[in-house]
Participant: 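One structure, pasted below without further comment.
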Amino acid sequence: MTASPLISIGMRAMTANYAALQATGNNIANANTRGYSRQQVELQTSMSQYSGSGFFGKGVDVSTVARKHSEFLTREVALTGAVAAADATRADQLKQLEKLFGTGEAGIGYAAGQLFNSFVDVSNGPQDTSSRQVSLSRAQELATRFHTTADRIDALQLGVSQDLSVSVKSVNELARQIAELNQRISVAEGVGHTPNDLLDKRELAIQDLSKMLQVSTIAASDGSVSVFFAGGQQLVLGNETTQLAVVPDNFDPTKSQLQVIDGGVPRPVLTEQLGAGSIVGLLRFQNDDLTSARNMLGQLAVAISGGVNQQQSLGWDLNKQFGVDILSVGAPKVLPSQLNSGNAALSVVIDDASLVQASDYELFYQGAGNYQLSRVSGQKPPLPVTVTAAQLAAGYNHVDGLRITLNSGTPAAGDRFLLQPVAVAARDMQRVLDDPRGVAAASSVSVTLGTTNTGSASVASLRTVNNSINPKVTVSLTFTNNSGAYNATFTDNTTPPPVVTTGTGTWTAGQPISYNGWELSLNGVPRTDDVLTVGETQFPSNNNGNANALMGLRDSNLVGAGRANNGLSAPASGEIVISGNNVTDAYASTLAEIGIRVQSSQLASDQSTAIQKDAVARQSNLSGVNLDEEASRLIQYQQSYQAAAKMLQVAQSLFDTLLQATAR
């Protein structure tokens with residue numbers, strides 16, 4: 001018998017415990033290293049040796065250095081991180097958007113109210129040009145607030161495009177790193193052991209990548225992993241990568257879209273295919289939230305300017321001329337897709353500003369002379385609708401107060417056009433009337449009561465209702481009985497000699513009398529032989545009829561009117577008409593809509609962040625370094641190492657004793 005087996009066991013024990021001490025020390029050193037997975041030396045019993053007295057153990061061997069890791073937890077951390085990043089990114093962007101829409105005196109609704117209220121002074125003193133100048137100044141302030149807000153929205157869009165470019169560069173760089181690590185790991189695993197540090201680096205790179213773009217991974221037999229996104233699009237395959245790029249949108253070059261370069265061929269990537277990640281959060285904010293905010297702002301700008309200009313056109317200024325526009329807005333845009341193969345050219349104009357909706361539209365040519373028109377945002381029945389080429393050629397005006405016209409060219413099947421009726425309306429809004437004498441405060445016609453009238457009838461209101469009014473036509477109403485019947489005499493002084501025609505009618509209490517583009521409402525009751533004459537206003541500086549109408553726009557439902565048949569220009573019989581909102585309520589609705597989006601996005605962000613933190617905690621419980629546990633293991637392996645050293649000391653003593661016995 002010799003001491004060599006005992007020496008061998010002691011040496012193996014010392015080697016194993018030294019390896020365990022080394023791994024424990026490495027864990028302690030990397031306790032705060034991001035992405036580090038705890039490592040542990042795996043030990044196994046050396047094969048025992050048979051003897052006549054049985055099997056004697058030969059000690060311990062180091063099997064490998066394993067990393068504490070779970071594929072399931074790793075995937076969960078990556079997935080929850082992608083969702084949390086998408087929600088947090090969108091929430092942060094929405095908070096910036098919310099700041100652009102002021103409240104109280106800083107809001108657009110307040111500025112619009114100030115404009116309408118300014119016509120009170122014009123009404124009280126229609127001959128005073130200073131009050132008219134105040135109204136024009138209020139119009140300028142309102143226009144400034146609109147285009148300032150629109151400019152800031154455009155600045156947000158620019159920031160989104162820049163963030164997308166930076167993020168995509170990071171994605172491409174991380175994909176390159178993963179491909180490089182794949183190659184190094186494949187080579188290292190050829191020796192039969194896993195390169196823990198390289199695996200940690202690759203896993204960390206995939207987690208960082210997932211925060212920007214949701215990905216899935218598939219492991220290969222050589223140790224490499226393939227990375228896919230957008231439902232199966234290859235990003236990393238072995239040591240090869242696919243490049244992503246940010247390019248202008250096919251329709252709107254101010255927006256950005258994601259593109260993949262696959263085999264040298266660029267292909268667009270749909271946002272709906274991407275899943276999650278900060279890039280998705282940016283794209284959703286751009287395509288939905290930012291577009292909706294721009295359209296809601298544009299709808300307000302179109303409705304206010306349209307309502308003011310319409311009423312202004314019905315009155316007379318101090319030069320005894322019908323009023324010209326006070327405000328102007330950006331014209332509707334038609335953006336053909338860059339992928340179109342036809343040469344059709346279309347245009348959009350707004351026929352009725354009160355019916356315009358806060359939406360973009362897509363016109364898709366199906367072929368055979370048929371188009372499909374649908375809303376891109378704010379979708380509601382019965383859109384999409386089918387529009388024929390003949391309707392477009394004549395000017396299609398059956399949706400939301402718009403007139404869509406095919407001006408020239410021929411479309412090809414599959415061609416698409418993005419229609420933006422209000423997208424740039426606020427950005428280009430401005431005051432276009434500078435002369436205060438041009439404010440049309442007067443009605444073009446006024447009422448004269450007969451001096452011998454015996455009834456109690458008085459003028460409640462005289463309202464111009466359309467541009468067809470001819471002030472040169474004098475209408476004289478003579479009541480023939482106490483029941484409201486009257487004879488009407490029409491004297492047209494447009495060209496000499498005057499043309500006189502007659503007619504009859506019956507006045508009903510509470511109902512206006514309408515002729516020649518005006519509506520006359522009465523208080524009291526007319527009597528037999530009472531006379532009312534509606535004729536040309538002789539002194540506009542003393543008339544405030546249209547100023548009162550301009551003032552009344554404050555409470556008029558100018559914004560978002562519609563019909564149950566989707567805004568068709570000719571309502572069906574018995575159809576419900578949607579009255580819309582006044583400017584103050586419409587702006588409040590815009591603030592509420594954005595506020596709801598902010599709150600819901602923040603709630604989603606809080607929830608997804610909590611879920612992501614839970615996933616990280618569970619992974620950390622497995623893979624993270626606990627210094628208390630490592631300290632106890634350090635003492636354990638130290639004691640084991642010391643015991644193994646004592647074993648060698650005993651074996652050496654036995655060996656010396658054997659030598660001495662042999663020497664005798």
Side-chain angles (χ1 to χ4, degrees), residues 30 33-37 67 69 71 73-89 92 160-189 194-220 222-247 256-263 266-267 269 271 273-284 608 612 615-616 619 623:
N30 288 280
T33 301
R34 180 170 173 264
Y36 177 80
S37 297
R67 59 195 285 260
H69 172 262
E71 289 291 343
L73 292 177
T74 298
R75 286 194 298 269
E76 189 175 14
V77 167
L79 176 59
T80 57
V83 176
D87 291 340
T89 299
D92 289 343
V160 168
S161 297
Q162 292 173 343
D163 289 346
L164 283 171
S165 296
V166 171
S167 297
V168 166
K169 287 180 181 178
S170 298
V171 167
N172 289 335
E173 175 60 23
L174 287 169
R176 184 195 63 79
Q177 292 178 18
I178 294 170
E180 183 180 287
L181 288 167
N182 273 344
Q183 188 171 17
R184 294 174 63 186
I185 290 170
S186 296
V187 172
E189 288 205 347
T194 57
N196 296 325
D197 294 335
L198 293 178
L199 292 174
D200 282 344
K201 287 183 178 180
R202 186 176 68 185
E203 185 176 296
L204 182 60
I206 292 174
Q207 288 185 9
D208 289 342
L209 176 61
S210 296
K211 291 179 181 178
M212 291 178 283
L213 193 66
Q214 182 179 332
V215 297
S216 58
T217 59
I218 298 178
D222 61 353
S224 66
V225 294
S226 297
V227 182
F228 302 91
F229 75 104
Q233 171 63 49
Q234 166 190 323
L235 185 61
V236 178
L237 188 62
N239 61 355
E240 297 180 355
T241 64
T242 300
Q243 293 291 300
L244 299 181
V246 175
V247 297
S256 299
Q257 70 174 17
L258 203 61
Q259 193 177 73
V260 60
I261 313 299
D262 189 4
R267 291 189 295 103
V269 180
T271 304
Q273 298 176 337
L274 293 176
S278 61
I279 289 177
V280 176
L282 288 171
L283 289 172
R284 287 176 179 168
S608 58
Q612 195 256 346
V616 170
Q619 185 192 46
S623 302

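Quantities reported herein were computed from a predicted structural model and do not represent experimental measurements.
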Participant: Can you give me the closest heavy-atom contact between S210 and V215, atom names plus distance?
Facilitator: OG-CG2, 3.4 Å

Participant: Keeping N172 on the side-chain end and L244 on the backbone end, is there a donor-acceptor pair under 3.5 Å?
Facilitator: yes

Participant: With a 3.5 Å distance limit and no angle check, can you tell me whether T242 reaches the backbone of Q234 through a side-chain donor-acceptor pair?
Facilitator: yes

Participant: For the OH atom of Y36 and the CG atom of D197, what is their distance to the nearest 0.5 Å?
Facilitator: 7.0 Å

Participant: Under the side chain to side chain contact (heavy atoms under 4.5 Å, CB included) rule, what do T74 and T217 come out as? Steps first, then yes or no, please.
Facilitator: CA-CA 11 Å; T74 298; T217 59; over 6 Å; no

Participant: With side chain to side chain donor-acceptor pair (under 3.5 Å) as the test, pick out the partner of E180 among R184, Q183, R176.
Facilitator: R176

Participant: Locate the shortest heavy-atom distance separating V280 from G275; write the atom from each residue and the value.
Facilitator: CG1-O, 3.7 Å

Participant: Taking the side chain as every heavy atom from C-beta outward, state whether R284 and T271 have any pair of such atoms under 4.5 Å apart.
Facilitator: yes

Participant: Looking at CG of L213 and NZ of K211, how far apart are the two atoms once the value is rounded to the nearest 0.5 Å?
Facilitator: 14.5 Å

Participant: Between atom CD of Q612 and atom CD of E76, what is the distance when rounded to the nearest 0.5 Å?
Facilitator: 10.0 Å

Participant: Compute whether any side-chain donor of one residue and acceptor of the other, for S256 and S161, lie under 3.5 angstrom apart.
Facilitator: yes

Participant: What is the minimum heavy-atom distance between S608 and D87, and which atoms define it?
Facilitator: OG-OD2, 3.0 Å

Participant: Going through the checks in order, is the side chain to side chain contact (heavy atoms under 4.5 Å, CB included) test met by L274 and Q214?
Facilitator: CA-CA 7 Å; L274 293 176; Q214 182 179 332; over 6 Å; no

Participant: Are the side chains of Q619 and Q207 in touch, meaning some heavy atoms are under 4.5 Å apart?
Facilitator: yes

Participant: Checking side-chain contact (heavy atoms from CB on, under 4.5 Å) between D163 and each of I279, V246, L282, V168, which is the one that passes?
Facilitator: L282

Participant: Is there side-chain contact between V166 and Q162, with heavy atoms separated by less than 4.5 Å?
Facilitator: no

Participant: Can you name the closest pair of heavy atoms from G223 and I185 and give their distance?
Facilitator: O-CG2, 3.8 Å

Participant: Which value, rounded to the nearest 0.5 Å, describes the distance between T33 atom OG1 and D200 atom CG?
Facilitator: 9.5 Å

Participant: Side chains of T241 and Q243: does their closest heavy-atom pair fall under 4.5 Å?
Facilitator: yes

Participant: Measuring from atom OG of S37 to atom CG of L204, what distance do you get when rounded to the nearest 0.5 angstrom?
Facilitator: 9.5 Å

Participant: Is K169 paired with E173 through a side-chain N to carboxylate O contact shorter than 4.0 Å?
Facilitator: no

Participant: Looking only at heavy atoms, what is the nearest atom pair of A219 and V225, with distance?
Facilitator: CA-CG1, 4.0 Å

Participant: Is the shortest heavy-atom distance from the side chain of M212 to the side chain of L174 under 4.5 Å?
Facilitator: yes

Participant: For the pair Q273 (side chain) and A230 (backbone), establish whether a donor and an acceptor sit closer than 3.5 Å, ignoring hydrogens and angles.
Facilitator: no

Participant: Working to the nearest 0.5 Å, report the span between CD of E240 and OG of S226.
Facilitator: 10.0 Å

Participant: For the pair N182 and R202, evaluate side chain to side chain contact (heavy atoms under 4.5 Å, CB included) and give the outcome as yes or no after the intermediate values.
Facilitator: CA-CA 8 Å; N182 273 344; R202 186 176 68 185; 2.8 Å; yes

Participant: Do you know which two heavy atoms are closest between S278 and T89, and how far apart they sit?
Facilitator: CB-OG1, 3.3 Å

